[in-house]
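Step one of this worksheet: look at the structure below.
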2 protein chains.
Amino acid sequence: MKCSTHLEDSEQVDSLRDCASRQVLDRIGDAWSVLIVTQLRAGPLRFTELARKMDGVTPKMLTQTLRGLERDGLVTRTVHAVVPPRVDYELTPLGRSLEGVVDAITAWADSHIGDVLAARGSYDSKASTAKNRS
Amino acid sequence: MKCSTHLEDSEQVDSLRDCASRQVLDRIGDAWSVLIVTQLRAGPLRFTELARKMDGVTPKMLTQTLRGLERDGLVTRTVHAVVPPRVDYELTPLGRSLEGVVDAITAWADSHIGDVLAARGSYDSKASTAKNRS
DNA sequence: CCGCATCCGATGGGATACTG
DNA sequence: CAGTATCCCATCGGATGCGG
């Protein structure tokens with residue numbers, strides 16, 4: 001899964017597909033990207049507004065994640081030359097195109113998280129009884 | 001974003017939704033889960049078959065990821081009492097229900113990875129020229 | 001207000017070697 | 001074959017303090 005930048009071998013298309021998925025997951029798979037995209041769907045927000053809406057995020061991570069999203073063309077960063085400084089973050093069209101993916105994840109999560117939690121509990125209880133047996 | 005196991009306050013439903021998304025992303029957001037699910041769509045595979053199909057994965061990570069997927073009820077692990085040992089991994093119905101999400105991610109990745117890469121390149125070149133200017 | 005710089009502990013994950 | 005155990009390093013991310 002080397003993720004070369006260019007492949008002419010058509011047999012490796014499957015690997016390339018996986019590779020693209022991997023890159024996307026590297027972007028949205030982290031803790032905050034999806035949350036930020038979700039928050040920005042309603043419209044642009046400034047730094048502190050985002051921070052307040054996402055309880056638990058540190059300024060460092062917020063900055064870091066926003067820079068990543070900006071670098072990948074998913075959000076724009078607009079600095080207003082006023083005092084006090086004001087910086088707005090907004091979804092780009094590309095970022096907005098991610099909404100379908102976010103919705104798919106959210107929808108699956110909402111409808112199946114119960115099953116996952118149940119399976120997890122069952123698995124853990126079996127594991128603990130097995131351990132007590134030893 | 002405390003992810004309490006139970007919420008009666010309807011105003012926190014949004015947080016719960018985010019929370020469910022987070023938990024799902026914690027599961028499929030890692031490097032290998034999506035790859036494994038993709039490989040298992042065609043049918044059950046044994047450990048070494050999976051390892052061979054996913055170039056670069058270490059036994060440790062493969063085991064770890066498979067255990068996580070099994071714990072969450074997404075795959076089954078079947079041990080055949082034969083020599084040499086044979087263990088088959090297979091998607092559960094719950095795991096198969098993830099295919100829609102995987103497809104959404106893959107589809108978005110395939111159609112937009114070019115844009116992301118272009119944005120990234122543009123961002124990086126601007127950053128480097130800005131640095132050279134100083 | 002919006003960050004960036006630095007330090008530092010926790011964690012993740014690769015390489016390697018070994019077992020039932 | 002199908003893992004487990006150990007070491008070790010890179011990265012992540014929190015805390016703090018400073019700058020524009």
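These figures come from a predicted structure and were not determined experimentally. Each chain gets a letter, A, B and so on, in the order the sequences are listed, and its residues count up from 1.
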Can you tell me if the side-chain N/O atoms of [X] get under 4.0 Å from OP1 or OP2 in [N]?
X	N	value
A/Arg86	C/dG3	no
B/Arg46	D/dC1	no
B/Thr58	C/dG14	yes

Base of C/dG14 paired with side chain of B/Lys60 (donor-acceptor, under 3.5 Å): yes
[X] side chain, from C-beta outward: closest of [options]:
X	options	answer
A/Pro85	D/dG20, D/dC1, D/dG3	D/dG20
B/Tyr89	D/dG3, C/dG20, C/dC2	D/dG3
A/Thr48	C/dC1, C/dG13, D/dC1	C/dC1
B/Val87	C/dG14, C/dC1, D/dA2	D/dA2
A/Pro84	C/dC1, D/dC1, C/dG14	C/dC1

What is the separation between atom [atom1] on [X] and atom [atom2] on [N], rounded to the nearest whole Å?
X	N	atom1	atom2	value
B/Glu49	D/dA2	CD	P	8 Å
A/Asp26	C/dG12	CG	P	16 Å
B/Leu66	D/dC1	CG	C1'	15 Å
A/Asp88	C/dC2	CG	P	9 Å
B/Met54	D/dA2	CE	C1'	15 Å
B/Gln64	C/dG13	CD	P	7 Å
A/Met61	C/dC4	CE	C1'	14 Å
B/Asp30	C/dG14	CG	C1'	15 Å

Nonpolar side-chain network containing B/Leu117, other nodes, edges under 4.5 Å: B/Ile113
[Y] backbone acceptor or donor facing [X] side chain under 3.5 Å:
X	Y	value
B/Arg96	B/Leu91	yes
A/Trp32	A/Leu62	no
B/Thr76	B/Glu90	yes

Sugar-phosphate only, base, or nothing, as touched by A/Pro59 at under 4.0 Å among non-hydrogen atoms: nothing
Sorted by number, the residues of residues 74-81 of chain B with heavy-atom contact under 4.0 Å to DNA chain D: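 Listed by number, they are B/Arg77.
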Check: A/Arg27 and A/Leu69 side chains under 4.5 Å, non-hydrogen atoms: yes
Sole candidate of B/Thr92, B/Asp88, B/Leu45 that passes side chain to side chain contact (heavy atoms under 4.5 Å, CB included) when paired with B/Leu40: B/Leu45
Same cluster (ILVMFWY, side-chain, under 4.5 Å), A/Val79 and A/Val75: yes
First encountered from the 5' end of DNA chain D, between B/Arg52 and B/Thr63: B/Arg52
Test log, rule side chain to side chain contact (heavy atoms under 4.5 Å, CB included), inputs B/Ile28 and B/Val37: CA-CA 9 Å; B/Ile28 68 166; B/Val37 170; over 6 Å; no
